[in-house]
Undergrad: 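Here it is: the structure, laid out below.
Hydrogens, waters and symmetry mates play no part in the numbers below; they use all other heavy atoms, side chains included. Convention: sequence-line order gives letters A, B, ...; per-chain numbering from 1.
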2 protein chains.
Amino acid sequence: MTTTQEPREGLDDLPYNVFAKACPSRGTLEHVTGRWGGLTLGALYEGSLRFNELRRRVDGVSEKMLSQTLHALERDGLVHREAQPTNPPRVDYELTPLGRGIAERLLSLIHFVEGRMDDVLAARRRYDETRGAR
Amino acid sequence: MTTTQEPREGLDDLPYNVFAKACPSRGTLEHVTGRWGGLTLGALYEGSLRFNELRRRVDGVSEKMLSQTLHALERDGLVHREAQPTNPPRVDYELTPLGRGIAERLLSLIHFVEGRMDDVLAARRRYDETRGAR
DNA sequence: CAGTATCCGTCTTGATACTG
DNA sequence: CAGTATCAAGACGGATACTG
């Protein structure tokens with residue numbers, strides 16, 4: 001009976017469970033936490049930004065990836081796209097209320113990680129010494 | 001002066017800034033939020049687990065990916081690996097205090113997303129109707 | 001049980017070029 | 001400015017087989 005799964009209380013009674021392979025929340029979580037999704041949401045938390053402003057904020061993202069990321073976030077209802085039909089075109093991206101809720105929690109995580117990087121780096125050195133020498 | 005970067009107060013004064021391409025925090029954040037990293041941390045939040053228990057919890061992960069993920073998290077000092085030299089071998093994985101701090105924030109994000117999936121799914125339907133019909 | 005090693009296809013990514 | 005289209009390189013992921 002080692003394989004019997006005990007339900008994790010307070011989690012499995014939700015309609016969506018990210019631990020399950022087929023749950024749609026897994027997809028959204030991947031958009032949010034993906035390589036560029038999180039940084040994009042984080043950048044937009046400061047306020048609305050235009051496409052190229054965003055590109056400069058999110059250091060290293062290509063046009064293609066930013067475009068793709070924004071589409072996914074817009075489709076999930078986390079980002080609102082506001083296009084002015086001027087010439088040259090001007091398009092502003094901003095978080096929706098739902099997007100803000102997600103960005104807040106994401107930034108909490110990001111700031112926590114940033115604040116602990118010295119510990120992480122120290123742990124890495126220890127690990128590499130111990131195992132690397134072997 | 002459209003390219004002048006205004007510092008984001010309360011963020012850029014940190015020694016590590018995940019928005020910068022070369023910042024090591026980016027790497028750690030990717031371990032944490034990667035496809036399997038987040039789910040692994042989330043599973044371990046409940047308590048220590050053995051390798052194959054973990055594999056069953058994190059639905060869909062392969063041995064290779066779980067092993068790889070655990071190594072990265074252990075190296076970053078988020079997970080502790082406790083191996084008993086018995087036969088058959090028994091290895092328990094558990095969060096370090098640092099890992100718990102990160103897992104808490106990650107779970108806050110995960111639960112929030114899970115709780116809003118109906119909104120997300122509705123947004124997707126709207127998006128697909130509007131744009132898909134075009 | 002707890003992994004490691006290897007093969008191999010797929011999916012992502014980044015450069016580059018081009019459009020409105 | 002705000003993207004889209006295309007393509008090659010490489011990272012990523014899964015299946016399988018094997019080890020201690």
Undergrad: Does a salt bridge link A:Asp92 with A:Arg90, judged by any charged N lying under 4.0 Å from a carboxylate O?
TA: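 Yes, this pair counts.
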
Undergrad: In whole angstroms, how far is the P atom of C:dA2 from the CG atom of B:Asn87?
TA: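 In whole Å, C:dA2 P lies 12 Å from B:Asn87 CG.
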
Undergrad: Mind calculating the distance between CD (B:Glu30) and C1' (D:dC12) to the nearest angstrom?
TA: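 From B:Glu30 CD to D:dC12 C1': 13 Å.
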
Undergrad: Can you tell me how far P of D:dT4 sits from CZ of A:Phe51, to the nearest Å?
TA: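 Checked: the CZ to P distance equals 8 Å.
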
Undergrad: Starting from P on C:dT12, measure out to CD on A:Gln68 and report it in whole angstrom.
TA: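 In whole Å, C:dT12 P and A:Gln68 CD are 8 Å from each other.
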
Undergrad: Let me know the distance between CG of A:Asp59 and C1' of C:dT13, rounded to the nearest Å.
TA: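 In whole Å, C:dT13 C1' lies 16 Å from A:Asp59 CG.
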
Undergrad: Applying side chain to side chain donor-acceptor pair (under 3.5 Å) as the test, list every pair that has at least one member in residues 77-88 of chain B; sequence neighbours left out.
TA: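 Side chain to side chain donor-acceptor pair (under 3.5 Å) check on residues 77-88 of chain B returns B:His80-B:Glu82, B:Arg81-B:Tyr93.
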
Undergrad: Cut-off 3.5 Å, no hydrogens considered: what does the side-chain donor-acceptor table look like for residues 33-40 of chain B, sequence neighbours left out?
TA:
from    : atom 1 : to      : atom 2 : distance (Å)
B:Thr33 : OG1    : A:Thr33 : O      : 3.2
B:Thr33 : OG1    : B:Leu29 : O      : 2.7
B:Thr40 : OG1    : B:Trp36 : O      : 2.7

Undergrad: Find the distance between CG (B:Leu49) and CZ (B:Arg55) and round it off to the nearest 0.5 Å.
TA: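 Result: 14.0 Å between the selected atoms.
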
Undergrad: Identify, with sequence neighbours excluded, every residue that meets side-chain contact (heavy atoms from CB on, under 4.5 Å) alongside A:Arg75.
TA: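 Here the qualifying residues are B:Arg124, B:Tyr127, B:Asp128.
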
Undergrad: Report, one line per pair, each donor and acceptor closer than 3.5 Å where one atom sits in a side chain of residues 60-69 of chain A; sequence neighbours left out.
TA:
from    : atom 1 : to      : atom 2 : distance (Å)
A:Ser62 : OG     : A:Met65 : N      : 3.2
A:Thr69 : OG1    : A:Met65 : O      : 2.7

Undergrad: Kindly give the atom pairs (protein nitrogen or oxygen, nucleotide nitrogen or oxygen) under 3.5 Å for nucleotides 14-17 of chain D.
TA:
from   : atom 1 : to      : atom 2 : distance (Å)
D:dG14 : O6     : B:Lys64 : NZ     : 2.2

Undergrad: Could you tell me the separation between the CZ atom of A:Arg81 and the P atom of D:dA2, rounded to a whole number of Å?
TA: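 That distance rounds to 10 Å.
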
Undergrad: Any side-chain N or O of B:Arg50 under 4.0 Å from OP1/OP2 of C:dC1?
TA: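 No, no such contact exists.
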
Undergrad: Expressed as a whole number of angstroms, how long is the span from A:Leu70:CG to D:dA2:P?
TA: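 Computing the A:Leu70:CG to D:dA2:P distance gives 11 Å.
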
Undergrad: Defining pairs by Watson-Crick or G-U wobble geometry with both distances under 3.5 Å, how would you list the stems of DNA chain C with at least three pairs each?
TA: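 Counting only runs of 3 or more consecutive pairs, the stems involving DNA chain C are C:1-20 with D:1-20.
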
Undergrad: CG of A:Leu98 to CG of A:Leu78: how many Å apart, nearest 0.5 Å?
TA: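 Reported value, rounded in 0.5 Å steps: 5.0 Å.
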
Undergrad: What's the spacing between B:Glu104 CD and A:Leu109 CG if we round to 0.5 Å?
TA: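 Those atoms lie 11.5 Å apart.
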
Undergrad: I need the A:Glu46 CD to A:Leu95 CG distance, nearest 0.5 Å.
TA: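 If we round to the nearest 0.5 Å, A:Glu46:CD and A:Leu95:CG are 10.0 Å apart.
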
Undergrad: Under 4.0 angstrom, heavy atoms only, what part of the nucleic acid is B:Arg55 near: base, sugar-phosphate, or nothing?
TA: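 Nothing, no nucleic acid heavy atom in range.
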
Undergrad: Between B:Gln84 (CD) and C:dA2 (C1'), how many Å, whole number?
TA: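 Answer to the nearest Å: 13 Å.
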
Undergrad: DNA chain C: B:Lys21 or B:Asp92, which has the more 5' nearest nucleotide?
TA: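 Of the two residues, B:Asp92 wins.
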
Undergrad: Between D:dG3 and A:His71, is there an OP1 or OP2 to side-chain N/O distance shorter than 4.0 Å?
TA: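 False: A:His71 side-chain N/O out of range (4.0 Å or more) of D:dG3 OP1/OP2.
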
Undergrad: Does D:dC1 have its OP1 or OP2 closer than 4.0 Å to a side-chain nitrogen or oxygen of A:Tyr93?
TA: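 For D:dC1, neither OP1 nor OP2 has a side-chain N or O of A:Tyr93 closer than 4.0 Å.
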
Undergrad: Looking at A:Ser67, does any N or O in its side chain come under 4.0 Å of the phosphate oxygens OP1/OP2 on D:dT4?
TA: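 It does, given that an N or O in the side chain of A:Ser67 lies less than 4.0 Å from OP1 or OP2 of D:dT4.
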
